[in-house]
Amino acid sequence: MASSSSTSSSSSSSREGDGSSYIECFKYSRRATLWSVVGRPDGGAGLAGERAVVGGWVRSSAVVRARRASGPTSPSRKPEVETTGLTCTEVLMTRVPLIRCIARLMAGGISAAASGGSARRPSVGTALVRINDGSCVADLQIVVDSSLCPLDQVTATGACVLVEGKIEQVEGTAPQHVVQMKVEKILHIGPVDSEKYPLPNAHLSSDLVRGYPHLAARTAAVASTARVRSEMIHAVHAFFQSNGFFHVNTPIITTTSAGNRSKMFRLIRIFSKSDNDSRITPEAVRAAIKEKTKQVEALKRSESNKEALQAAEQDLQRANALSRQLEQGGSTESSPDDFFHCPAYLTPGHTLHLETYACALSSVYTFSTAFQAESLDSDRSLAERWTVDVELAFAELEDAISCTEDCVKSLCSTVSKDCSDELKFLSSSQAGDTTNSRVESAVSSPWQRIKYTEAVNTLLQVTDKTFESKLELGMPLSHEHLSYLADDLYKKPVVIYEYPKQLKPFYARLKEDLKTVSTFDLVVPKVGIVACGAQKEERMDNLTSRIEESGLQIEKLEWYLDTRRHGTVKHSGFSIDMERLILFVTGLKDVRDVIPFYRTKGHAKC
């Protein structure tokens, strides 16, 4: 039987198989993962004769019908299974495909009329069922005899099975199908209605699969991408933890904006009709004003807590404003800002909050979601995305670029090594794809570094290609411009740095020319920008000037300015777009295919 070792091969950080002759059980259930069987270097051949419990979802199946033996079996002929107990009609249908097809058309299979009006008899024979539990690319074929259960229950694509049996070697098969399991006992069947199951076969279009995100991971492509993503996330934490960084949880609800608020999702509190607090009466407001006035007067007399006094005065101001609104006939519905007492948004980035911890812990990172309410190309941009944000104190722009390069190369190298089967499978599904060589080149060779002005001048001199987007100094580089630099010209990752200040956020450090800022973008072939970073402005005067130039309310950023007022320090950081980096590693073309439950404009299913 399978070993009950407390160490699970499927949960180890290194997913390499071993040559042991026993099957390891998953630590938290009495079953062996398929990775521990068919994921071994020998494909499971060393486990022949071992017994185990395995489970998974049906990917495909075939049924070998029982047939009556007509005499001694010759070496060149497969033995036929005796069909004792079958009616003549059933025997004809198992032997003559045309009759079987006609019967199915007329009566949905073996008709009840053929058996004297009784219910259809279950198929007699053996089912060859390929299952997968999500632990690896390879499926395991299980052999199920009709004496164990009705075969239509275990052959339907999408059904879930848990079985116990014996591993046996398959002779004369391809290397990827070295072993199969002869099922001896069926422990569980999660049936599926084949007529209603939306993903009935292995060859499905991406558009169809995206329409069922709650079932998409049962397909080989989505499952492989999910394992690549999991390994990538693990590699992120491993890289930063091994290099002296601290992980910090930054908020996804923010009251601060580093740019255009129209591109942010605003939070609104929803009230039900039965909520007693859903309407605000004039009497309640007057009572609140009276109470807040007394509180303010008491705090003024005590002169002991200036922060509490300031908060009470702000509450009184809001109450007076609401009273005036009611007097003018305004809506009495609760304000959408009544929960936080100010406008709140889903954060578009984590830089500002992360900086505060970098100015105390020195080297920090976070892995979290960011949101953008922009109508961009759905195949390259998401409304909800995951980013790795990093901040380093006592660091300049060059330090941030070096850290970005080391990090991205480490992530690509780790995933290429530990998810080689997944990457090979994903690459094989895309004709003409050269993902492996592209990733290997990005890891092994130095990256190209050019200034923004050099990039623009280079593009303006291009004669063998016409760009649809207009370009001149001071304008942003479009996707086609970036693609030309990384794909056609340099054929490697490109770091573009020192952008005009009007193209980058207010917190980027202003250079001596007062026109450019210490920022960079990392552009990779076939994808575009996967990371961006900046040295942050530590000089108070320059920072406040940039805030005013950007048209932002400086009072909303007073908390951020405190990090410059009290112990300012040079510091730099960067942000990696996780979905775009996974696109680069896998060679997939659409960003919606590398994240579970994607959100884009017009789509937020599940």
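As a basis for the values below, the full set of heavy atoms in this structure was taken, side chains included, without hydrogen atoms, waters or symmetry mates.
- Side chains of Lys511 and Val517 form no contact here, defined as non-hydrogen atoms less than 4.5 Å apart.
- Contact check for His234 versus Asp418: no side-chain heavy atoms found under the 4.5 Å cut-off.
- Val408 has its side chain within reach of Trp447: a pair of non-hydrogen atoms, C-beta onward, lies under 4.5 Å apart.
- Phe506 does not carry Arg546 over the face of its six-membered ring by the limits of under 6.0 Å from the centre and within 45° of the normal.
- Applying the ring pair (Phe, Tyr, Trp, His ring centres under 6.0 Å) rule to Tyr452 yields the partners Tyr499; only residues at least two apart in sequence or on another chain are considered.
- The existence of a salt bridge linking Lys417 and Glu231 is excluded, since no basic side-chain nitrogen approaches an acidic carboxylate oxygen closer than 4.0 Å.
- Taking the charged nitrogens against the carboxylate oxygens, Asp421 and Lys424 have no contact shorter than 4.0 Å, which rules out a salt bridge.
- Between His350 and the choices Asn249, Val248, Thr366, the side-chain contact (heavy atoms from CB on, under 4.5 Å) rule is met once, by Thr366.
- The existence of a salt bridge linking Lys451 and Glu498 is confirmed by a sub-4.0 Å separation between a basic side-chain nitrogen and an acidic carboxylate oxygen.
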Between Val38 and Asp139, is a side chain to side chain contact (heavy atoms under 4.5 Å, CB included) present by the stated rule, with each step listed?
CA-CA 7 Å; Val38 294; Asp139 301 330; over 6 Å; no
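- Every residue meeting the ring pair (Phe, Tyr, Trp, His ring centres under 6.0 Å) condition with Phe367, not counting sequence neighbours, appears here in chain and number order: Trp386.
- Counting only N and O atoms by type, the side chains of Tyr598 and Glu384 include no donor and acceptor under 3.5 Å apart.
- Partners of Phe245 according to the ring pair (Phe, Tyr, Trp, His ring centres under 6.0 Å) rule, which considers only residues two or more places apart in sequence or in another chain, are Phe240.
- Within the 3.5 Å criterion, the main-chain N or O of Asp541 finds a donor-acceptor partner in the side chain of Ser545.
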Going by atom type alone, with no hydrogens or angles, which donor-acceptor pairs under 3.5 Å involve a side-chain atom of residues 212-220 and a protein atom two or more places apart or on another chain?
unit_1	atom_1	unit_2	atom_2	d
Arg218	NH1	Gly158	O	3.1
Thr219	OG1	Ala216	O	2.7
Thr219	OG1	Val222	N	3.4

Below 3.5 Å, can you tabulate the donor-acceptor pairs from side chains in residues 457-468 to any protein atom, sequence neighbours excluded?
unit_1	atom_1	unit_2	atom_2	d
Asn457	ND2	Thr453	O	3.1
Thr458	OG1	Glu454	O	2.7

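- The closest side-chain heavy-atom distance from Thr347 to Leu352 is not below 4.5 Å.
- In this structure, Arg564 forms a cation-pi arrangement with Tyr560, its terminal cationic atom sitting closer than 6.0 Å to the ring centre and no more than 45° off the ring axis.
- Taking the six-membered ring for Trp and the full ring otherwise, the centers of Tyr365 and His237 sit less than 6.0 Å from each other.
- Residues His571 and Glu396 form no side-chain contact, since every pair of their non-hydrogen atoms from C-beta on lies 4.5 Å or further apart.
- The pair Lys501-Asp513 does not count as a salt bridge, with every side-chain nitrogen at least 4.0 angstrom from each carboxylate oxygen.
- Using a 3.5 Å distance cut-off with no hydrogens or angles, the side chains of Ser469 and Glu480 do pair a donor with an acceptor.
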Going by atom type alone, with no hydrogens or angles, which donor-acceptor pairs under 3.5 Å involve a side-chain atom of residues 529-537 and a protein atom two or more places apart or on another chain?
unit_1	atom_1	unit_2	atom_2	d
Gln535	OE1	Leu397	N	3.1
Lys536	NZ	Glu391	OE1	3.3
Lys536	NZ	Glu391	OE2	2.5
Glu537	OE1	Leu510	N	3.0
Glu537	OE1	Arg539	NH2	3.1
Glu537	OE2	Arg539	N	3.1
Glu537	OE2	Arg539	NE	2.7
Glu537	OE2	Arg539	NH2	3.3

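- Of the N and O atoms on the side chains of Thr600 and His603, not one donor lies less than 3.5 Å from an acceptor on the other residue.
- Taking 4.5 Å as the limit, some side-chain heavy atom of Leu477 sits within range of a side-chain heavy atom of Leu471.
- A salt bridge links Arg449 to Glu405: one of the charged nitrogens lies within less than 4.0 Å of a carboxylate oxygen.
- A donor atom on one side chain and an acceptor atom on the other are not found under 3.5 Å apart for Ser205 and Asp207.
- Classification of Glu579 and Arg385 as a salt-bridged pair fails, no side-chain N sitting under 4.0 Å from a carboxylate O.
- A salt bridge is defined here as a Lys NZ or Arg NE, NH1 or NH2 lying under 4.0 Å from an Asp or Glu carboxylate O, and Asp590 with Arg380 fails to meet this definition.
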